[in-house]
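So you know, we letter chains A, B, ... as the sequences are listed, proteins then strands, and number each from 1.
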Amino acid sequence: MPELPEVETIRRGLEREVVGKRIKSVEVSGLRSIRRHKTKKDFISRLEGAKVKTARRRGKYVILALDTGELLVLHMGMSGQLRRAQAKDPTEKHTHVVFTFTQGGQLRFLDPRTFGELFVTVPDALTAEVPELAELGFDPVDQPLAITVFAQRLLGRPDTKLKPLLMDQTFIAGIGNIYSDEILWESGLRGDRTPRSLSNMEIRRLFRAIVEILHEAVKHRGSTLSDQQYVDLVGRPGDYQQFHNVYDRGGQACRRCRATIIREKSQGRSTFSCPSCQV
DNA sequence: ACGCCCGCCTGTAAGC
DNA sequence: TGCTTACAGGCGGGCG
């Protein structure tokens, strides 16, 4: 579910709600959510008593640094949610992990489809044990890149289609199915164009669109679609869906040229685009 | 290196 | 009212 803007919104919530608090107890009911750990006990014992020092983000991963020197890494997958709660609040369905803090209050991880996960690791192991994190590409919000470097890296993948390339987490970290479509529309580029085929001006437009779309989406606290699956720590939905120009707008008029937005499948994912102003 | 397909899960909506 | 199918913000792996 969540892409960079949603995860960044979650991270900011954690900074407000969780950083500085000490974990009193951890309850795990969904073993699949902590599947990298051999035992539940291993996960729990490395967290209980630890204080959360910082909340960082790399692409779609949230990384909480603990005062034990270890890191709690979270990935939401398609349907993961983190919610602030009180101990007396009823347990919602699909609640897999509950953190209770010494200062009171809880953080709960909910995840119907169970593609999300949490694990504790030491910083050095991030490269050895977690290659997918070590190999993440640049984060367009957290680590802005000079356009010259971007252009160079883009041309290092001359024949990959732009849509899969934008979604390749080892190339750029944080972009998924919604924001790749929005970025391509903003750039006026088709998702099946290749870096080799781009003019310098088109590369500039693409670069600017990546930065602008993601910053705007963060500003509006991400996108919440009709299923209401994505909400922040306090249950508040995002606003950015109202600014979508193509995603989930199949059959509707393009806001730039009035042509009809089309929906098609690419790599098994729905892709939305304007057949007239994306070239 | 790249494109395509599958599997991993559950819930929901649409179609018959 | 069922039952079946398709599809959903992610990712990794396997195959040609």
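- With a glycosidic angle further than 90° from 0, C:dG12 counts as anti.
- Linking Ile, Leu, Val, Met, Phe, Trp and Tyr residues whenever their side-chain heavy atoms come within less than 4.5 Å leaves A:Ile262 and A:Leu184 in two separate clusters.
- Looking at heavy-atom distances under 4.0 Å, A:Lys93 makes contact with sugar-phosphate atoms alone, never a base.
- A distance of about 22 Å separates the P atoms of B:dG11 and C:dC11, rounded to the whole Å.
- The phosphate of B:dC8 has neither OP1 nor OP2 within less than 4.0 Å of any side-chain N or O from A:Arg113.
- Residue A:Lys265 has a polar side-chain atom (N or O) positioned under 4.0 Å from OP1 or OP2 of C:dA8.
- Residue A:Arg35 is out of contact with every strand shown, counting any heavy-atom pair closer than 4.0 Å.
- An OP1 or OP2 oxygen of C:dC11 is reached within less than 4.0 angstrom by a side-chain nitrogen or oxygen of A:Lys60.
- Side-chain atoms of A:Thr100 and A:Gln106 include a donor-acceptor pair closer than 3.5 Å.
- Proximity of the aromatic rings of A:His220 and A:Phe243 is defined here by a centroid distance below 6.0 angstrom, and this criterion is met.
- Interface remark: the A:Arg157 side chain does not form any donor-acceptor pair with the B:dA1 base, using a distance-only criterion of under 3.5 Å.
- When distances run from any side-chain atom of A:Glu132 to the nucleotides C:dG12, C:dA8, B:dG3, the shortest one goes to C:dG12.
- A close approach under 4.0 Å does occur between a side-chain nitrogen or oxygen of A:His75 and OP1 or OP2 of C:dC11.
- The CD atom of A:Glu8 sits 16 Å away from the C1' atom of C:dG9 (whole-angstrom rounding).
- Residue A:Ser270 is classed as a sugar-phosphate contact, given heavy-atom separations below 4.0 Å to backbone atoms only.
- Close to B:dC9, at under 4.0 Å from its OP1 or OP2, lies no side-chain N or O of A:His94.
- When the P atom is used for both C:dC3 and B:dC9, the distance is 25 Å, rounded to whole Å.
- Scanning atom types as modelled, one donor and one acceptor separated by under 3.5 angstrom connect the side chain of A:Asp227 and the base of C:dG9.
- For A:Gly156 and A:Gly268, each mapped to the nucleotide of DNA chain B holding its nearest heavy atom, the one lying further toward the 5' end belongs to A:Gly156.
- Ring stacking holds between A:Phe115 and B:dC8, with the centres under 5.5 Å apart and the planes within 30 degrees of each other.
- Of the side-chain N and O atoms in A:Thr160, one or more sit less than 4.0 angstrom from OP1 or OP2 of B:dC2.
- Across all strands, A:Tyr247 comes closer than 4.0 Å only to sugar-phosphate atoms, never to a base (heavy-atom distances).
- A:Ser79 pairs in a side chain to side chain donor-acceptor pair (under 3.5 Å) with only one of the listed residues (A:Asp227, A:Asp111, A:Thr114), which is A:Asp111.
- When the P atom is compared between B:dG7 and C:dT5, the two are found 15 Å apart, to the nearest whole Å.
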Take A:Glu6 and A:Tyr179, measure what side-chain hydrogen bond (donor to acceptor under 3.5 Å, both in side chains) needs, and give me the verdict at the end.
CA-CA 11 Å; A:Glu6 292 77 29; A:Tyr179 295 103; 2.6 Å; yes

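- Taking the P atom of each, B:dC2 and C:dG9 are spaced 24 Å apart, rounded to whole Å.
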